[in-house]
Number of protein chains: 4
Amino acid sequence: MQFRTDLAMESRDWAGKPSGVMTRTRVHGTIEETFVCIETEEAAKALEKPAGAYMTISHPDLYRAETRDRMELSRCLAKALKTLLPQDGDLLVVGLGNRHMTADALGSRVLESLLITRHIKDAARDEIKDRLRGVCAVAPGVLGITGMETAEMVHGIVEHVRPAAVIAIDALAARECSRICTTIQVTDTGIRPGSGVGNHRAGLTKDTLGVPVIAIGVPLVVYASVIARDALSLLFHDMDMDEDAHAQAIDALLDKVSRQGLGELVVTPREVDEMVGRVARILSDGLNMALQSRLSEEEILSLSHDSL
Amino acid sequence: MQFRTDLAMESRDWAGKPSGVMTRTRVHGTIEETFVCIETEEAAKALEKPAGAYMTISHPDLYRAETRDRMELSRCLAKALKTLLPQDGDLLVVGLGNRHMTADALGSRVLESLLITRHIKDAARDEIKDRLRGVCAVAPGVLGITGMETAEMVHGIVEHVRPAAVIAIDALAARECSRICTTIQVTDTGIRPGSGVGNHRAGLTKDTLGVPVIAIGVPLVVYASVIARDALSLLFHDMDMDEDAHAQAIDALLDKVSRQGLGELVVTPREVDEMVGRVARILSDGLNMALQSRLSEEEILSLSHDSL
Amino acid sequence: MQFRTDLAMESRDWAGKPSGVMTRTRVHGTIEETFVCIETEEAAKALEKPAGAYMTISHPDLYRAETRDRMELSRCLAKALKTLLPQDGDLLVVGLGNRHMTADALGSRVLESLLITRHIKDAARDEIKDRLRGVCAVAPGVLGITGMETAEMVHGIVEHVRPAAVIAIDALAARECSRICTTIQVTDTGIRPGSGVGNHRAGLTKDTLGVPVIAIGVPLVVYASVIARDALSLLFHDMDMDEDAHAQAIDALLDKVSRQGLGELVVTPREVDEMVGRVARILSDGLNMALQSRLSEEEILSLSHDSL
Amino acid sequence: MQFRTDLAMESRDWAGKPSGVMTRTRVHGTIEETFVCIETEEAAKALEKPAGAYMTISHPDLYRAETRDRMELSRCLAKALKTLLPQDGDLLVVGLGNRHMTADALGSRVLESLLITRHIKDAARDEIKDRLRGVCAVAPGVLGITGMETAEMVHGIVEHVRPAAVIAIDALAARECSRICTTIQVTDTGIRPGSGVGNHRAGLTKDTLGVPVIAIGVPLVVYASVIARDALSLLFHDMDMDEDAHAQAIDALLDKVSRQGLGELVVTPREVDEMVGRVARILSDGLNMALQSRLSEEEILSLSHDSL
C-alpha cells in the first residue's frame, strides 16, 4: 500500500525534524507562513523530499476566506515567489493537471486570470511598457489526454521560448483531510515525478528543463485508502494495541475497502468544483503581483480586465 | 453519526428480507436486474423505505461498459420505466441536483440528450407526428442556488403543464464504494426527502405533486464517514471482537477522521467527471426509448441529432 | 423582411420623438443615462413599444470598461432599479435565454454572482439578518430545451413563491452594430413577446404574471439581415437615389444574402464569449446593490464570496 | 478592406480556373467531394494559395446531417486523409484556435473524441496492439492566451516527439454565408499564416516544422464586412451599374457599417455552439478511421469509450 503525500509539511510531521532542516514560522491573523529549508542530502533522504526551500501559506479555509484574507494570501504568495524568482527575464507558467477532472483542473484554471504579456510588451501603453515583465503560459494537459509526457512538451517549449524560469502550478494529494484547501505550498525543487492528483506526473525540475522550476501546489484531495488507514491507526492507538502485530490483517482489510475495480478513489469536499475556482483566483492574483512586481495592485487589477 | 443510503438494495442487504417484500432477479450476461416490491407498511418500516416498486439494473462498471452493454442497459431501463409509466399523456422529466457540482450534475446532464417534444408535436413531420409522445423537461437547480425548494418549483410547473407523470433523475449516495457507478435504480415511490448527493432534497412524491413520480437514481458517491466506518467494522469482525463494546471509542474516532470543518467529505472515483457524462447518456437513451415507445431505435437516434 | 430591435432607444431614433414621450439625459464621464417615458397609448403605438419607463445606461464599450467605470455602471443600474422596485417583499430574478448559446447565455450567467437569500434569511448572522431582502432566482431555459413556454414555468413558480416583483434578464438584438455591448436597458414594461436573442420569448408582463415585471437587457447581437439592409440604405442615401423605387430589388437581394438554409445568422464581436461574462458581472453587481439596498457595498462583496 | 477566405474552393470560384490547376469532382447522395490540385507556382500565384492538394467534402448542412450521412462524411474524410498521410510513424494532431471562443473552439473540441494511443501502445491488449498507430495530440491555445506563437510551441513539441506528420485542425473564415458549416477542407499545404477564425495564426508548414503538415478546416464564420460587401455587389450587378465607379463611396460605407470600435464582427448561425460540437464529432470519427486504419470501425467505436 502506498500512502502518498505531496506536502513537505506532512513529511515533517511524519518524520520528526532531523538535523539539516531549518524551519521558521510566522503567524499573522488567521494566516500562518512556514518556511522549511532542507539543507543537506541526509535530511532530504530522511524526509524523502529533495533538498531545497519549501514555503507554506496556511489558512483554516482558503475556500471560505473573506475578501481581505484572500488578498492577504495572494500577497503572501507573491512575497514567497519573489524570493525564489530570478530578477530578470521572461517567465513561463505551466498549469499542470487535467482540465476535465475537477480537482485536477487547478493548474489550468489559474491561467485563466493570469496576465499574459510576453507577446504585447512592445505594443503596450508607454506608461507601463517599461515596467511589464514578459509572462507566457501553457496548460499542456496530461499523458492520458495528449499521449505525451508533460515533461517532453514543456521541455520542447522551454527550448524555443527560453524563459528565465518555469513556474508550475499543480493540485496536490495530502495525507490528512484537514489539509484539503488549507495550504499553499511553494518550492524551488520543482515537480517531483509521481506527484499530483491525477496521472502521476513526470518530473519538472532544473535538472530536466535546464532552468529553475518553482512549483506551487494546493492539496485538494486525499486518497480514500489514507482515510481508512488513518481510522485504523487511531483505533489501534486508542485500544493500546500493537499495530504491527496485525499488519497483515490490516492490509487485507484496506484492500477490501478501497480496491474495487473503480480505479483510485479520492476524497474531496462536495463543493470541490467551486473551491477550485476560488483558490485558482487567489493563486493568479498572487502570481500577477509577483511577476509584475513593478506594477501597482491597481494597475494589475485594471490590466487583468483590460486590453493592453 | 448517520450512514445514509439512497439505495433500496442496500437496505435489503442490511436488514435481511422481512415478510411483505417480494424480490425477483434476472441475470443476462454482465447485467443483473432485480425487482424489489415492498408490499406492506410493516416491511416499509423495517426497511426504512416507503412501500412501492424498486427495480435495479446492475453492471460491474457502468462507466467502462462496452457499446453493446450500454445499449442493453438503456433497453433494460426502458423496459423498467414502461411498467411504471401511465399509458398516455405528456411527461415531465425533472433533472435534480446542482449542475455546478460534478457528481450532482447527473440529473441536468441527462436532459442534454433527452428528446423534448411537447412543443413540436404538431409541427413534426407527418410520418412520426402521431407516434410522438409529449415530453418536457426542467433542471430546477438546488435550494442554495435558487433560494427555492425544488418541490415548490416543480409543483408550480406541474400545475401549469399538467403532465400525466413526473420522472425525476438524481445522483445517489451509497453505503459501499462497490456500488458507485454500478447500479441504476428505478422506483415508483418518488424522491424521498433528504436523499441525493448534494443538498438533501425535499421530497417529490405523488402525495406532494398530485401525479405519479418515478425516480431514477445512480449512486455516484459514498460519504467519507462510511468508508472509515466500514474499515472498522471489517476489522472488528476479523479480530473476533465485539463491536458494540467499543461503540463509543469508534464514534469518537470517526469524528476525528471525518469531521474537519470542511463540510461533508465525499468519496468518488477520480474520473467522476467523465463517468457522469457516460452514465447520463445511458439514462437518456433509455428514457428516449421508454418515452417514445412508438418510435424505432433508429428513428429516436436520428431525431436526437436532427431538427424535427 | 423583419428588422427587429429590442431597444426603446432605437425605436426613438428611428421614429423621431412623438408627443407623449418624455426624455431626459444625464452624462457623467463616459457614461450616459437616458430616461424615456412613453406616457400615452398614441406614443406607444407610434413607437411600437408598450407605454412605460425605459432607462438606458450607455458606455462606449461595456466589455473593456475599466474597473472604476464598471463599478459606476453597476451603481447606475442599481439606482435605476430602485426607482422601479416595490419597497418590500421577496424578489424573483429570472435569467432568460439559452445557457448553451453564447450570446443568449447572459440571463443565466447573471445568476451566477447574484446573492440568493430567500432560503437563508432566518439562518443568517444576526448583524445582517434584519437587513437582508429575500431574493430567489431561476434560469428556466428556452422552449426548445424544455418543451415549455418560459411564461408557463415562471407563472407556476410565481404562484408558489409569491414574490413582490419579478426581474427578468435578457440578451437583446439591436438594429445597429454600434449598440452591441454598449447599452443596459431597464424597463418596467416587462418582456415583450417575440424579443430576445434566441427563441423569441413569450411575454412576461404584469398582465401575464400578476406582479410587476422589471426587464433588464443588453444588446449582444445584430441580425445579419440588418447589416446588409443598412449597407444598402447608406448607399442609396449616398448616391441620392430613391430607396423606395428599388424596394423590390432590395428585398430580393437581401433574401439572396441572408437566407441560406442555416437559420437566422447573427452578427457578434468575435469575443462575445468573454464579453458576456463581463457584462453579466456588471449586472449582477448592480442587482446585488439594488436588491440588498440596506447592506453596504463591502458587506455585499463579502457575502457574495462567503457562506452566510 | 480585406475580404479574407481560407477556402481554396472559394479562391477558385473567384478567380476562374487558371492552367496548372487540376480539379475533379464526385457526387454521391448529398455529399460532393472535390479534389483541387494546384500544380504550378503560376497557378498558386493566380489563386493566392500555395501549391498542393486541396480536397473538399461538402454537404448542404453538416450540422443537421442525418446519422447515416454523418458516418459517410467521416469516411470521406478518412479516405482523403489516407491519401496524404505517411504510411508509418507516430502522428501529432494539433487542435488550433481558442477553446474559450465558440466558433474558434473546433480544433480543441475535435481532440475530445480522438483516440490517443502513443502512450499505451505497449500496454494495450494483445489482439489490437500490433495494429494500433501511435497518435498524440495537443491544443496549444492562441497567442493572446499563451503569449507564445502556436508555431513556436508546436515546433518545440515536434522536436521532442518526432512524429512522422502533423495534422492541424482549424476553424475557417469563408467569403460566403452559404459556406458556413457545409464544407470540410483537407490540404497538404499546412496552415497559412494569417488564416483561422480568431487570432490570425502563424503558419504551420513542412518548411517551418520539418515534417509534412496536413490541415483540416471547416468554415464556421464569415466576417461581417463581407456580408455588407456582397450585398452591395449584388445590388450594383442587379442595377447594371459600374461598381468600380463607386469604389470610394463603397469603401467609406463599409467602413461606417462594420468598423465600430468593437473589433472584428463575425457572422455565425445562432446555433454555432451546438454546431461546433457536431462537426467536431464528424472530424474526430474520420480522424480515428484514418489514423487507426488497421482497426475496424467497431473496434474504434469501442475503444473510444473504453479504457485500453
Side-chain angles (χ1 to χ4, degrees), chain B residues 90-95 98-100 108-124 132-163 199 202 208-210 261-263 291-292 307-308, chain C residues 90-95 98-100 108-124 132-163 199 202 208-210 261-263 291-292 307-308:
Chain B
D90 286 354
L91 299 169
L92 170 63
V93 182
V94 178
N98 181 349
R99 78 166 57 81
H100 300 298
S108 62
R109 295 200 58 182
V110 167
L111 302 195
E112 288 172 18
S113 301
L114 194 69
L115 278 179
I116 302 300
T117 54
R118 179 175 173 262
H119 60 306
I120 44 142
K121 270 189 307 178
D122 299 333
L132 274 184
R133 184 170 197 173
V135 173
C136 54
V138 65
V142 293
L143 182 63
I145 300 283
T146 64
M148 297 177 275
E149 285 287 351
T150 304
E152 283 181 293
M153 298 174 69
V154 175
H155 204 172
I157 293 169
V158 163
E159 284 173 357
H160 275 258
V161 169
R162 305 206 162 278
N199 311 49
T208 59
L209 296 184
L262 282 169
L291 274 42
Q292 303 303 340
S307 65
L308 284 171
Chain C
D90 286 354
L91 298 169
L92 170 64
V93 182
V94 179
N98 182 349
R99 79 166 55 82
H100 301 296
S108 61
R109 295 200 60 181
V110 167
L111 304 195
E112 288 172 19
S113 302
L114 193 69
L115 276 180
I116 302 299
T117 54
R118 179 174 174 263
H119 60 306
I120 45 142
K121 269 189 307 178
D122 299 332
L132 274 185
R133 185 170 197 172
V135 173
C136 53
V138 64
V142 293
L143 182 63
I145 300 282
T146 64
M148 297 177 276
E149 285 289 350
T150 302
E152 283 181 292
M153 297 174 69
V154 175
H155 203 172
I157 293 168
V158 163
E159 284 173 357
H160 276 258
V161 169
R162 304 205 164 279
N199 310 50
T208 59
L209 295 186
L262 282 169
L291 274 42
Q292 304 302 341
S307 64
L308 283 172

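Keep in mind that the numbers below use all heavy atoms, side chains included, and drop hydrogens, waters and symmetry copies. Here is the naming used below: chain letters follow the sequence lines, and residue numbers restart at 1 for every chain.
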- Roughly how far apart are C:His119 NE2 and B:Glu149 CD, rounded to 0.5 Å?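 These two atoms lie 9.5 Å from each other.
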- Atom pair CD1/CD1 of B:Ile157 and C:Ile157 - distance to nearest 0.5 Å: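 CD1 of C:Ile157 is found 4.5 Å from CD1 of B:Ile157.
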- Work out which heavy atom in B:Ile116 is nearest to a heavy atom in C:Ile145; give both atom names and the distance.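 Answer, listing the atom of B:Ile116 first, then C:Ile145: CG1-O, 3.2 Å.
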- Query: Partners of C:Arg118 by side-chain contact (heavy atoms from CB on, under 4.5 Å), sequence neighbours excluded?
  - Reply: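 Counting only residues at least two positions away or on another chain, C:Arg118 forms a side-chain contact (heavy atoms from CB on, under 4.5 Å) with B:Met148, B:Glu152, C:Asp90, C:Cys136, C:Val161.
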- Query: Without hydrogens or angle criteria, can the side chains of B:Glu159 and C:His160 be said to hold a donor-acceptor pair below 3.5 Å?
  - Reply: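 The criterion, which ignores hydrogens and geometry beyond distance, is satisfied for C:His160 and B:Glu159.
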- Item | Which atoms of C:Leu114 approach chain B - backbone, side chain, both or neither, heavy atom under 4.5 Å |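 Looking at C:Leu114, nothing touches chain B.
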